[in-house]
Amino acid sequence: MLSLDYVLLFSLSMILRYGISLWPYSGQGIPPMHGDYEAQRHWQEVTVNLPVNDWYNHTKDNDLLYWGLDYPPLTAYHSYLVGQVGLRLNSSFVELHSSRGIESAQHKLFMRLSVFVADVLVLFPSIRIFAGPNISISAVLLSLYTGLILIDHGHFQYNNISLGLFILAAALVTRNRDVLGSLVFCLALNYKQMELYHALPFFFYLLSKCLKQPTLMKKVMKLLVIGLTVILTFILLWSPFLLAGVPSTLQVVKRIFPVDRGIFEDKVANFWCSLDIALKLKQKLEVSKLGLICLTATFLGCLPCNLHLVMSPTVRNFLLAQLNTSLVFFLFSFHVHEKSILLVAVPAILASSVVPSQSTYARILLPWFLFISTFSMFPLLLKDGLTIPSIAISIFSLVVEINLEELLPKQVQRLRVSSPLPVEPDSVWLRFLTGVKYSSILGCALLCGLMVFYPPPERYPYLWPAVISLYSAAHYLMFLVCFHAIQFRSNELQIGTAKKIN
């Protein structure tokens, strides 16, 4: 049952999504490849018209060089389902070959509505289950997160499904519904392989739960049940390809993990892209060596927060380990997209449920991080023609985040007979950190203005995307240190919070 607060929150969220959906999408009017919008439509065309065994294979009717399917089976099944609906509404939406690049108003409405449906059926229920019956900071921020709205409803993707399943899985395992949570996370992982960003904390948290059972028999049984759930879920989802034989299965794996595409695409705000500007890693090292370096760096970077989780498997440490692990993956893993920062932003919001609302994390670091996460995608959003909505919704979200405590419903409290307790003012450190945050945001505004109004020199056509990626990557490295420090402290120090004076 949804409370009135949730109805109003989700209604506002839908209004924002509708406003963004009226703007252009990825690749609109840019043949021959168009963009992610056409990729999603093409997958519907392929899955509806071709047998399952041809979905991931190069054939005369399935040119893998033209947006070949490169996500796990659950994405393919979702594309098939949406494609079947489109086929019944208007067969021209998914006609093999002839529907390529379709840009009619009717088709745009159909595609945009399909993302709204995913929000209503997957994302919003997951938010409600995670946050509980009373609206909270995490519920507001998840519903109104600028980056997800711009990418799903502007650029055009279905990140709301994989991230919604991740949120639901996190809600379940933190409520001791471990088997069901494992199943749901397998669904998320089989929708988008980037959910590997979140896999390690799930593994170590559930393993720790198994090891903490009172008897050896219960330890083994819990581990077996969870393990069998994971294996059977994968077998069921992959069964069409497993039944077709080893070559068919390996072809799907090869499409999902395209090692030959390189260490990163475009200018992404991670460590390797920043280092490449000076050292030209992509030119000097082979892809296989770069892959090994990325794997090693990511594994070592993930160890501290996950070992801490194993030693102290609390809900707080699980959610903070999700944040730290996903940020390490974004900064150091192989073949990262700029949109992958969404996989970090969602755990960052979930972590707000386990830290005090007046903590430095909730008041300063989280709103700052969410703003930077959207800013780092600005070159992509500008390319898509989403400059104005990106700036407008970012300002709106920043205002909401800054005033979130005042906007949330207040608990009815008894009237005090005596005067209110005095509170200490913000510390010098907190005021300094606030100043740095707003200086950083002004820097973002300056770089956006330069990119929009001041063309780069002909010699350096990618100057502004490179500068934005460097600027954002420096922030992410700083956040990585801060977030690890918060996880490793048993009780986060609430700098500048209100305290009672006796």
Side-chain angles (χ1 to χ4, degrees), residues 36 38-47 50-59 62-83 151 157-166 169 182-200 202-203 230-266 268 270 287-288 290-292 294-295 298-299 325-326 329-330 332-343:
D36 277 347
E38 170 63 10
Q40 300 287 344
R41 188 216 58 80
H42 179 62
W43 296 345
Q44 297 165 20
E45 169 193 355
V46 166
T47 54
L50 301 180
V52 176
N53 291 341
D54 288 347
W55 289 359
Y56 292 91
N57 286 292
H58 187 84
T59 67
N62 186 21
D63 182 3
L64 293 182
L65 296 179
Y66 185 82
W67 299 116
L69 187 56
D70 55 3
Y71 282 114
L74 194 56
T75 287
Y77 304 148
H78 174 244
S79 297
Y80 174 80
L81 180 62
V82 178
I151 294 300
Q157 281 190 335
Y158 296 98
N159 295 289
N160 50 5
I161 295 179
S162 58
L163 290 172
L165 291 170
F166 160 68
S182 301
L183 187 153
V184 172
F185 182 69
C186 287
L187 296 179
L189 188 56
N190 277 280
Y191 190 86
K192 284 199 174 184
Q193 64 270 38
M194 286 81 78
E195 280 299 322
L196 284 169
Y197 281 45
H198 304 138
L200 283 176
F202 271 103
F203 172 78
V230 171
I231 292 170
L232 290 175
T233 303
F234 268 81
I235 290 175
L236 179 63
L237 292 172
W238 285 69
S239 56
F241 311 100
L242 293 171
L243 293 173
V246 174
S248 177
T249 305
L250 291 179
Q251 174 63 13
V252 179
V253 175
K254 182 181 176 181
R255 292 295 303 165
I256 292 173
F257 299 104
V259 179
D260 56 330
R261 289 190 186 177
I263 192 170
F264 55 82
E265 288 191 4
D266 298 324
V268 60
N270 77 344
V287 172
S288 58
L290 287 172
L292 183 60
C294 291
L295 179 63
T298 305
F299 175 74
T325 302
S326 57
F329 263 82
F330 178 81
F332 299 108
S333 65
F334 188 84
H335 193 64
V336 174
H337 295 260
E338 61 272 69
K339 301 182 291 292
S340 299
I341 195 61
L342 301 179
L343 294 154

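The structure presented is a predicted model; accordingly, all values stated were derived computationally and were not measured.
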Separation between [atom1] of [X] and [atom2] of [Y], rounded to the nearest 0.5 Å:
X: D54; Y: L69; atom1: CG; atom2: CG; answer: 12.0 Å
X: F202; Y: S182; atom1: CZ; atom2: OG; answer: 8.0 Å
X: L187; Y: S162; atom1: CG; atom2: OG; answer: 11.5 Å

Practice problem: Check the pair V52 / Y80 against side chain to side chain contact (heavy atoms under 4.5 Å, CB included), numbers first and verdict last. | Solution: CA-CA 10 Å; V52 176; Y80 174 80; over 6 Å; no
Exercise. Assess whether side chain to side chain contact (heavy atoms under 4.5 Å, CB included) is satisfied between F330 and M194, documenting all intermediate values.
Key: CA-CA 10 Å; F330 178 81; M194 286 81 78; over 6 Å; no
Practice problem: Measure the acute angle between the ring planes of F166 and H198, then classify it against the limits of 30° and 60° as parallel, tilted or perpendicular. | Solution: parallel
Exercise. Can you label the angle between the H42 ring and the Y66 ring as parallel, tilted or perpendicular, going by 30° and 60°?
Key: perpendicular
Is a side-chain donor or acceptor of [X] paired with a backbone partner of [Y] at a separation under 3.5 angstrom?
X: N62; Y: W55; result: yes
X: S340; Y: H337; result: yes
X: Y56; Y: L64; result: no
X: Q193; Y: D70; result: yes
X: Y158; Y: Y191; result: no

Quiz item: Salt-bridged, K192 to E195, with N to O below 4.0 Å?
Solution: no
Practice problem: List the steps, then state whether side chain to side chain contact (heavy atoms under 4.5 Å, CB included) holds for L74 with H78. | Solution: CA-CA 6 Å; L74 194 56; H78 174 244; 5.9 Å; no
Practice problem: Given side chain to side chain contact (heavy atoms under 4.5 Å, CB included), test F329 with L343 step by step and report yes or no. | Solution: CA-CA 9 Å; F329 263 82; L343 294 154; over 6 Å; no
Practice problem: Test I161 against every option in L165, N159, L163 by the side chain to side chain contact (heavy atoms under 4.5 Å, CB included) rule and name the one that passes. | Solution: L165
